[in-house]
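Here the structure is laid out as structure tokens; the discussion comes afterwards.
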Amino acid sequence: MKHIAVLTSGGDAPGMNAAIRAVVRYGIFSGLEVYGIEQGYAGLLEGKFVPMNMRSVSDIIQRGGTVLRTARCPEMTTEEGQQRAVEQLRAHGVEGVIVIGGDGSFMGAKALCEHGFPSVGIPGTIDNDLAYTDYTLGFDTACNTILDAINKIRDTMTSHDRVSIVEVMGRNCGDLALYAGLGGGAEVIIVPEHKIDIARVCERLEASKQRGKHSGIVVLAEGAGSADEWAKQIAERTGLSIRSTVLGHLQRGGSPSMKDRYLGTSMGVYAVQLLAHGIGNRVVGIRDNKLYDEDIVKACKMKKKFDVQLYNMAGVVAR
Ligand code: ADP
Ligand code: F6P
């Protein structure tokens, strides 16, 4: 293999730049020519290929977002779109592509593989919703961003004897809420995978008050309802003074943590090593602190299991 390409797709995540930098520099170090494809699959279909050199990726390891930019591209879900994607790659002499993104982006990479084009996926999404890997790029940074927000919100909640509902991202996966809730000492964590009804949430907050707490934090994953709605209903049932905060896209930005820079760098190098050895149709992940690769079709089929034990533990220690 002489020419490879790298693209970022779906929601951006801190650590994507570290991965791009590693792919470019390790690729060139390995004797390959590397293209960056701008704006994900949309840019791929439009032929937005940029030749990369060592200096193209200077000064980016510390930046959030993705310097290649990202996009959503419905056309890539169609047979015509997928064929055009392969044609574009071949027309540019590219023999293997590295896709950095989440589960949707991996479906695109899988489609490329099914069309006979070697592709390797690097998990990049703050949601941590890919079953085959313990961590995705951006998850650690996003958790730390949420913790910073919780700390600040707690200062004011404590001063006013209030409870705050803090809504975090995660449409189908409650990992951001679980880990940030655990680290931030949330009195209640509400996630889509493990239902808790309003009566139980109120009971928990009232019990917490009886144990001497004057304030509280409820961390809510967006997939389990809206902060305003939960706040309204809890206030009506308990009479507690409630406020709500939706953290929104600030969770997706920011300078990557050490962990995300490490993961981005080592997964980028790993992905290049696979392609350089002529190995495609894989995704790179980390399991029990060890990097590994998995078949892309198998990885896309795996269903993520929610860590109920950790959830229960977080509840017990926040009493
Ligand atoms: P993420 O990768 O963060 O999960 P999305 O779900 O928005 O983000 O997917 C990113 C892009 O991946 C989509 O805009 C589309 O181009 C591509 N994609 C998603 N699903 C599929 C699919 N089933 N087949 C092919 N490509 C897909
Ligand atoms: O990156 C994943 C994610 O952050 C989800 O948790 C969230 O619902 C979604 O992306 C929002 O993305 P956008 O605003 O870009 O559509």
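Computed from a prediction, not measured in an experiment: that's the story for all the values here. In each ligand, atom 1 is the first atom listed, and ligand 1 is the first ligand listed.
- Contact check for Phe117 versus Ser119: side-chain heavy atoms found under the 4.5 Å cut-off.
- Shortest contact from atom 15 (O) of ligand 2 to any protein heavy atom: Arg252 NH2, 2.9 Å.
- No salt bridge links Glu95 with Arg90; every basic N to acidic carboxylate O contact stays at or beyond 4.0 Å.
- From the protein, the heavy atom lying nearest to atom 22 (C) of ligand 1 is Met107 CB, 3.4 Å.
- At the shortest separation from atom 8 (O) of ligand 1 among protein heavy atoms lies Gly10 CA, 3.4 Å.
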Ser58 vs Arg25, side chain to side chain contact (heavy atoms under 4.5 Å, CB included): CA-CA, chis, key distance, verdict:
CA-CA 10 Å; Ser58 292; Arg25 294 214 174 133; 3.4 Å; yes
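- With a 4.0 Å heavy-atom cut-off, ligand 2 is reached by the side chain of Glu222 but not by its N, CA, C or O.
- In terms of polar-atom proximity, defined here as any N/O pair under 3.5 Å, Arg72 does make such a contact with ligand 2.
- At a 4.0 Å heavy-atom cut-off, ligand 1 does not touch Lys110 at all.
- The local environment of CG in Asp197 is crowded, with over 12 non-hydrogen atoms from other residues, nucleotides or ligands closer than 6.0 Å.
- Atoms of ligand 1 lying under 4.0 Å from any heavy atom of Tyr41, numbered from 1 in the order shown and given with element: 12 (O), 16 (O), 17 (C).
- Residue contacts with ligand 1: Ala111 is excluded, as none of its non-hydrogen atoms falls under 4.0 Å.
- Residue Met302 is found in a hydrophobic cluster whose other members, listed by chain and number, are Phe106, Leu130, Tyr132, Val283, Tyr292, Ile296, Val297; membership requires side-chain heavy atoms under 4.5 Å apart, directly or through intermediates.
- Every atom of ligand 1 with a heavy atom of Gln82 under 4.0 Å away is listed here by number and element: 25 (C).
- In the model, Glu87 has no side-chain atom that pairs as donor or acceptor with a side-chain atom of Gln83 under 3.5 Å.
- In summary, the side chains of Ser159 and Arg154 do not present any donor paired with an acceptor at a separation below 3.5 Å, with no hydrogens or angles considered.
- Close approach to Ser9 involves these atoms of ligand 1, each under 4.0 Å from a residue heavy atom: 10 (C), 11 (C), 12 (O).
- Of the protein's non-hydrogen atoms, Asp103 OD1, 2.7 Å is the one closest to atom 4 (O) of ligand 1.
- No heavy atom of Glu75 sits closer than 4.0 Å to any atom of ligand 1.
- Of the charged side-chain nitrogens involved, none lies within less than 4.0 Å of a carboxylate oxygen, so that Lys304 and Asp129 do not count as a salt-bridged pair.
- Under the 3.5 Å distance criterion, with hydrogens and angles disregarded, no donor-acceptor pair is assigned to the side chains of Asp12 and Thr70.
- Contact between Thr125 and ligand 1 is absent, with no heavy atom of the residue lying under 4.0 Å from the ligand.
- When only non-hydrogen protein atoms are considered, atom 14 (O) of ligand 2 lies nearest to His249 NE2, 2.7 Å.
- Under the ring-ring contact (aromatic ring centres under 6.0 Å, His included) criterion, the residue pairs touching residues 183-226 are His194-Tyr311, with sequence neighbours excluded.
- Near Gly102, meaning under 4.0 Å from one of its heavy atoms, ligand 1 places the atoms 1 (P), 2 (O), 3 (O), 4 (O).
- Scanning all protein heavy atoms for the shortest distance to atom 4 (O) of ligand 2 gives Met169 SD, 3.0 Å.
- The side-chain hydrogen bond (donor to acceptor under 3.5 Å, both in side chains) with Ser257 is formed by just one residue from the set Asn144, Thr145, Asp140; it is Asp140.
- At a 3.5 angstrom cut-off on N or O pairs, Arg72 counts as close to ligand 1.
- Of the candidates Asp127, Thr70, Asp103, the one placing a heavy atom closest to atom 5 (C) of ligand 2 is Asp127.
- Close N/O approach between Cys73 and ligand 1 is found [any backbone or side-chain N/O within under 3.5 Å].
- Each of the atoms 6 (O) of ligand 2 lies under 4.0 Å from some heavy atom of Gly170.
- Geometrically, ligand 2 and Ile126 share no nitrogen or oxygen pair separated by less than 3.5 Å.
- Near Gly108, with a cut-off below 4.0 Å to any heavy atom, the atoms of ligand 1 are 25 (C), 26 (N), 27 (C).
- Between Glu114 and Lys110 there is a salt bridge, since a side-chain N of the basic residue sits under 4.0 Å from a carboxylate O of the acidic one.
- Side-chain contact annotation: Tyr270 with Asp293, donor-acceptor N/O pair under 3.5 Å present.
- Remark: of the listed residues Ile122, Val23, Ile100, Ile122 is the sole one forming a side chain to side chain contact (heavy atoms under 4.5 Å, CB included) with Met267.
- Residues Glu229 and Gln233 bring a donor and an acceptor atom of their side chains to less than 3.5 Å of each other.
- Of all protein heavy atoms, the one closest to atom 25 (C) of ligand 1 is Met76 O, 3.4 Å.
- Polar contact check, Gly104 against ligand 1: a nitrogen or oxygen pair lies under 3.5 Å apart.
- For atom 2 (O) of ligand 1, the nearest protein heavy atom (residue, atom name, distance) is Ser105 OG, 2.5 Å.
- Each of the following atoms of ligand 1 lies closer than 4.0 Å to a heavy atom of Gly11: 3 (O).
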